[in-house]
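Labels below follow one simple rule: chain letters A, B, ... track the order of the sequence lines, proteins then strands, and each chain is numbered from 1.
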There are 2 protein chains.
Amino acid sequence: MLNGMAPRTAASRAPRKTAQGGSEARERLLRTASELFYAEGIHVVGVDRIVAVAGVTRATFYRHFPSKEDLVEAYLGVEDANIRGTLEGAHGATDDPVELVGLLIEGIAEDVARHHTRGCPFINAAVEYADTGSRVRRAVDKHRAWFRGSLEHVLRSAGADDPVTKAGQLVLLRDAALVGGYLDGWDNVRVAFVSAARQAAGLDPKAPGSTG
Amino acid sequence: MLNGMAPRTAASRAPRKTAQGGSEARERLLRTASELFYAEGIHVVGVDRIVAVAGVTRATFYRHFPSKEDLVEAYLGVEDANIRGTLEGAHGATDDPVELVGLLIEGIAEDVARHHTRGCPFINAAVEYADTGSRVRRAVDKHRAWFRGSLEHVLRSAGADDPVTKAGQLVLLRDAALVGGYLDGWDNVRVAFVSAARQAAGLDPKAPGSTG
DNA sequence: CGTTAGGTAGAACGATCGTTCTTTCTCTGT
DNA sequence: ACAGAGAAAGAACGATCGTTCTACCTAACG
């Protein structure tokens with residue numbers, strides 16, 4: 001895996017800039033680091049690995065990132081931006097709260113199935129960074145607070161009642177779907193997730209079996 | 001934290017054995033390693049840390065554990081044994097499936113609130129060990145397969161219908177409770193977990209708000 | 001044209017990683 | 001009493017960790 005990304009040869013060794021203003025080397029560092037961090041973990045992936053795969057020298061690395069922890073923060077920042085984009089995209093899709101909640105659940109399932117097959121980048125990062133006060137943990141907390149609040153806002157603006165409880169349950173079930181999809185395989189988790197999520201959101205008011 | 005456990009002085013340096021047959025040094029190693037692994041993570045806790053806190057030398061460590069990975073396996077073995085004990089204890093508690101599922105949910109909530117405030121030891125270990133074929137990952141898979149199957153068995157023997165789906169949803173929600181309790185605080189997750197779990201199990205057939 | 005920011009190449013830093021080794025001591029079992 | 005197992009104490013192994021450094025080069029910009 002990740003072998004398709006061969007170490008970069010010294011083809012062009014000049015400072016090229018990207019359309020967004022960031023340098024090409026910096027973006028390559030951030031992209032390869034994101035893939036390696038997510039696929040294998042943060043502590044196990046050393047700086048030497050990252051610069052070797054990215055085809056960049058250590059000096060270049062430390063020119064763009066003061067320390068490895070800054071790179072980790074940037075990695076989480078990319079993930080955060082991605083999720084913000086997709087969620088805001090789904091925001092204006094519909095006004096019907098029922099349809100909206102259904103779209104949210106489908107979107108989560110789609111995301112877990114296609115990308116994020118190794119769990120949640122933020123949960124995984126929090127597992128590796130036990131210190132609550134670290135910058136990584138603060139980034140995780142910030143992201144989760146935004147996500148929960150954003151779900152509440154979407155549900156409220158769509159007219160759903162008890163948006164706080166519903167948002168809390170959706171966060172809960174999304175975490176579970178990401179973890180379960182990673183450890184048990186998405187196929188073994190999908191039906192449990194969808195049924196639990198739809199029940200929690202009030203889309204399927206009746207339980208599958210009435211206990212007896 | 002963990003400062004209350006002072007490095008052991010060279011009080012008695014003789015091979016003492018425990019009632020269970022294991023040596024005292026081995027048990028102290030396993031106990032301190034379990035606490036450190038769970039509290040801070042596996043990769044960040046080095047062998048030197050473990051032997052220093054346990055008051056044991058490196059030679060003694062490698063006499064009892066061929067490698068660090070064996071210690072990690074033993075650590076997960078202890079956690080596995082604990083859960084097996086508590087689950088089997090709840091098994092014979094009642095014959096009423098409704099009461100049983102309620103007890104299970106309460107037991108999970110109790111466990112997350114009191115112990116396991118840093119998430120699930122197996123999920124955390126799987127995050128740090130990305131290689132599916134590693135012994136650690138196989139131990140995680142084995143534990144989760146047993147837990148899921150055991151939940152199914154308990155539910156089935158208590159007469160609940162659709163025990164496979166119910167067990168899957170309970171596994172899902174337990175994962176979520178452990179992760180959420182760690183990252184968001186148990187107080188912010190408790191009501192969402194209990195309501196979702198009771199809905200999923202069919203104890204509370206009606207959703208909190210009927211969508212509109 | 002010259003400056004300079006951004007890049008390459010590679011050595012080197014101290015620290016820590018997991019692991020192995022030798023030596024000496026003391027308790028336990030027979 | 002004696003053998004052997006369990007543990008202490010500590011040096012040492014090569015490897016890797018994150019980080020810093022010097023030296024040279026090249027493309028873009030004023």
Side-chain angles (χ1 to χ4, degrees), chain A residues 7-30 32-33 36-37 40-75 128-129 131 134-136, chain B residues 7-30 32-33 36-37 40-75 128-129 131 134-136:
Chain A
R8 202 156 180 273
T9 63
S12 86
R13 53 189 61 173
R16 309 213 174 278
K17 290 198 179 165
T18 289
Q20 285 74 10
S23 81
E24 183 184 321
R26 198 198 121 100
E27 292 195 354
R28 211 163 50 232
L29 276 169
L30 186 48
T32 53
L36 290 174
F37 284 160
E40 306 186 21
I42 296 173
H43 289 327
V44 283
V45 174
V47 173
D48 286 18
R49 262 291 282 308
I50 298 173
V51 300
V53 176
V56 160
T57 60
R58 281 175 288 280
T60 303
F61 174 89
Y62 282 101
R63 183 185 310 280
H64 291 289
F65 300 97
S67 73
K68 187 191 176 185
E69 194 165 356
D70 291 271
L71 178 62
V72 177
E73 274 189 292
Y75 152 59
E128 294 207 67
Y129 286 80
D131 182 7
S134 70
R135 286 187 289 161
V136 171
Chain B
R8 202 156 179 271
T9 62
S12 86
R13 55 188 60 174
R16 308 214 174 279
K17 290 199 180 165
T18 288
Q20 283 75 10
S23 80
E24 183 184 321
R26 198 196 121 99
E27 292 197 355
R28 210 163 49 231
L29 276 169
L30 186 49
T32 52
L36 290 174
F37 284 159
E40 306 185 20
I42 297 174
H43 289 326
V44 282
V45 174
V47 173
D48 287 16
R49 262 290 283 306
I50 298 172
V51 300
V53 175
V56 160
T57 60
R58 280 174 287 280
T60 303
F61 174 88
Y62 282 101
R63 181 185 312 280
H64 292 288
F65 300 96
S67 72
K68 187 191 176 184
E69 194 166 355
D70 291 89
L71 178 62
V72 177
E73 274 190 290
Y75 152 58
E128 294 206 65
Y129 286 80
D131 183 7
S134 69
R135 287 188 290 162
V136 171

*Under 4.0 Å between a side-chain N or O of B:Thr60 and OP1 or OP2 of D:dA8?*
yes
*A:His43 side-chain N/O to D:dG18 phosphate OP1/OP2 under 4.0 Å*: no
*Under 3.5 Å, is there a donor-acceptor pair between the side chain of B:Thr32 and the main chain of B:Arg28?*
yes
_From C-beta outward on A:Arg58, which listed nucleotide comes closest to its side chain: C:dT8, C:dG10, C:dT19?_
C:dG10
_Donor/acceptor link under 3.5 angstrom from A:Arg63 side chain onto base of C:dA5_ = no
*Where each residue is assigned the nucleotide of DNA chain D containing its nearest heavy atom, which of A:Ala59 and A:Asp48 is assigned the position nearer the 5′ end?*
A:Asp48
*Of all the choices, C:dG7, C:dT19, D:dT19, which nucleotide is nearest to the side chain of A:His64 once you look at every atom?*
C:dG7
*Could you grab the distance from atom CG of A:Asp48 to atom CZ of A:Phe61, nearest 0.5 Å is fine?*
10.0 Å
*How far does CD1 of A:Ile42 sit from CD of B:Glu128, to the nearest 0.5 angstrom?*
10.0 Å
*Choose from D:dG18, D:dA8, C:dG18 the nucleotide whose nearest atom is closest to any side-chain atom of B:Arg28.*
D:dA8
*Given D:dT20, is OP1 or OP2 found less than 4.0 Å from the side-chain N or O atoms of A:Tyr62?*
no
_Of the listed nucleotides (C:dT19, D:dA9, D:dT19), which one gets closest to any side-chain atom of B:Thr57?_
D:dA9
